[in-house]
Each structure stands twice: as C-alpha cells, then as structure tokens.
Q: 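Before I ask anything, let me first share the structure, which is written out below as structure tokens.
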Number of protein chains: 2
Amino acid sequence: MTATVPQSGGRLLTPGEVASLFRVDPKTVTRWAAAGRIGSIRTPGGHRRFREEEVNELLAKLTTEATDLVE
Amino acid sequence: MTATVPQSGGRLLTPGEVASLFRVDPKTVTRWAAAGRIGSIRTPGGHRRFREEEVNELLAKLTTEATDLVE
DNA sequence: TCGAACTTGGGTAATTAGGGAC
DNA sequence: GATGTCCTAATTACCCAAGTTC
C-alpha cells in the first residue's frame, strides 16, 4: 500500500453527502470529524471533505445485518 | 454542482420513525435490533439507523399475518 | 463578479442508549 | 417471552448569522 497520494480514484464527499448516507445532520458529521471518529480534509476556506473510501468502510463496519430471520 | 451520492442501501430510518410505523415504543425497536430480528446500522455515536427497505418488508409480513392464519 | 447552495460556528431542545425492575 | 415505563448520560437535531464553494 503506502499510497501517499490519495487522489485519482478517491472521491471526496461533502458533509452533506456523508450526512445523508448516515441519515444524520451535516453538523453531526462535523462533530465526528472534530472528535477524530472520521478522517477529514480541510479546504483552504475551512470546509471539510471526506474520503468516500473511508466513509464506505465505516458504513460497512457499523452495519449489522440480521444474520437471518428464524421464523 | 451538487454531487449526489448513490444511496447504497436505500434510505435509513431513525428508531423513532420505525417505532411510529409499528406503533410500538422506541425501546421495543431497540430490543428487536439487539435480538438481531432487524438489521441495523450504527452511527459512530452509537445511535441506530434502520433500512427502510427492510422495515417495509417486516411491516408487510406482519400485515399479511394480520388475519392470524394457521401457523 | 454575481448568485444560489452549502458549510461553519455557537447555543439550546429533542432523541437515543443502556441498565434494571415491575 | 414480549412490551411499556422509570432513570441518567450521551448523541443528535434545529435555531441563527457569516463565510466558502462553484
């Protein structure tokens, strides 16, 4: 691995996009970034951007499928 | 340019919304999730989110059995 | 350069989680 | 066995004005 240049494949998501993925408020995503629960990149203007890859991994980890329904 | 992210798993519902749909207490929904009877996604903060698709399926099943058929 | 949509920051309500007992 | 209600702590949601993005 050691891909030091995260680009050309790693799409960046806005707080609003990440928020809709988790069904939370964009402000909540901001808190996650501030708390270090999710990596974030800042634009020169101070806005946050998130790596889609990381977000998807996070979603997968936090997803609990009902193994199967016993009826 | 508002980039829209493809909702990978469909929309997500909050415990309160699911509770309203089933006409039960949110706590009950939590128990269902804890018992693995319904899949759930957790936010990094620990709150649960439910896939609308799955909820509707369960809802449909219960509706089907409303007439109380032979088991 | 203007404009519409979005994000930031803070402060304050509303939900949720978790345990435990009836 | 399953559900609703009690409690406290934590997380999340909505309010605003100002700055950033494209």
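First the proteins, then the strands, lettered A, B, ... as listed; each starts at 1.
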Q: Please report the closest heavy-atom contact between B:Thr43 and A:Leu62, naming both atoms and the distance.
A: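 Of all heavy-atom pairs spanning B:Thr43 and A:Leu62, the closest is C-CD1, 4.0 Å.
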Q: Has the side chain of B:Glu53 got a donor or acceptor atom that lies under 3.5 Å from a matching backbone atom of B:Gly10?
A: no
Q: Could you tell me how far apart A:Glu17 (CD) and C:dA5 (C1') are, to the nearest whole angstrom?
A: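 Going from A:Glu17 (CD) to C:dA5 (C1'), I get 13 Å.
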Q: For A:Thr63, give me all partners under side-chain contact (heavy atoms from CB on, under 4.5 Å), at least two apart in sequence or on another chain.
A: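 In terms of side-chain contact (heavy atoms from CB on, under 4.5 Å), with neighbours along the sequence ignored, A:Thr63 is linked to A:Glu65, B:Ile41.
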Q: With a 4.0 Å cutoff (strictly under), does any side-chain N or O of A:Trp32 reach OP1 or OP2 of D:dT12?
A: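 Looking at the OP1 and OP2 atoms of D:dT12, one of them is under 4.0 Å from a side-chain N or O of A:Trp32.
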Q: Would you indicate, yes or no, if D:dT11 has its OP1 or OP2 atom less than 4.0 angstrom from a side-chain nitrogen or oxygen of B:Thr43?
A: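 Negative; the distance criterion is not met.
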Q: My understanding is that only residues two or more places apart in sequence, or in another chain, count here; which of them pass side chain to side chain donor-acceptor pair (under 3.5 Å) with A:Arg49?
A: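 Testing A:Arg49 for side chain to side chain donor-acceptor pair (under 3.5 Å), a comparison that skips the adjacent residues, returns none.
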Q: Using side-chain heavy atoms (C-beta onward) and a distance below 4.5 Å, is B:Leu58 in contact with B:Ile38?
A: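 Yes, close enough: below the 4.5 Å cut-off.
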Q: How long is the line joining CG of A:Leu13 and C1' of C:dC6, in whole Å?
A: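 My rounded result for the distance is 15 Å.
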Q: Grab the N/O contacts between the protein and nucleotides 1-4 of chain C below 3.5 Å, and write none if there aren't any.
A:
none

Q: Mind checking what makes side chain to side chain donor-acceptor pair (under 3.5 Å) contact with A:Thr30, not counting sequence neighbours?
A: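 Counting only residues at least two positions away or on another chain, A:Thr30 forms no side chain to side chain donor-acceptor pair (under 3.5 Å).
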Q: Summarise protein proximity over nucleotides 17-22 of chain C in one line of letters, 5' to 3': B for base, S for sugar-phosphate only, - for none, counting protein heavy atoms closer than 4.0 Å.
A: SBBBB-
Q: Between P on D:dT3 and CZ on B:Arg23, what's the gap in Å once rounded to a whole number?
A: 16 Å
Q: CG of A:Leu12 versus P of C:dT7: gap in Å, rounded?
A: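 Value for this atom pair: 13 Å.
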Q: What residue pairs, at least two apart or across chains, pass salt bridge (Lys or Arg N to Asp or Glu O under 4.0 Å) with a residue in residues 19-33 of chain B?
A: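 Output for this query is empty, none listed.
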Q: Using the test ring pair (Phe, Tyr, Trp, His ring centres under 6.0 Å), find all partners of A:Phe22 that sit at least two apart in sequence or belong to another chain.
A: A:Trp32
Q: Under the rule for side-chain contact (heavy atoms from CB on, under 4.5 Å), what residues qualify as partners of A:Lys61, not counting sequence neighbours?
A: A:Glu57
Q: Which angle, to the nearest 10 degrees, lies between the helix axes at the two ends of the helix from C:dG3-D:dC22 to C:dG19-D:dC6, each defined by five pairs?
A: 60°
Q: Looking at every heavy atom in both B:Pro15 and B:Arg48, which two are closest together, and how far apart are they?
A: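 The answer is CD-O, 3.2 Å.
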Q: Which pairs, with at least one residue in residues 40-61 of chain A and sequence neighbours excluded, count as a ring pair (Phe, Tyr, Trp, His ring centres under 6.0 Å)?
A: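 Found none.
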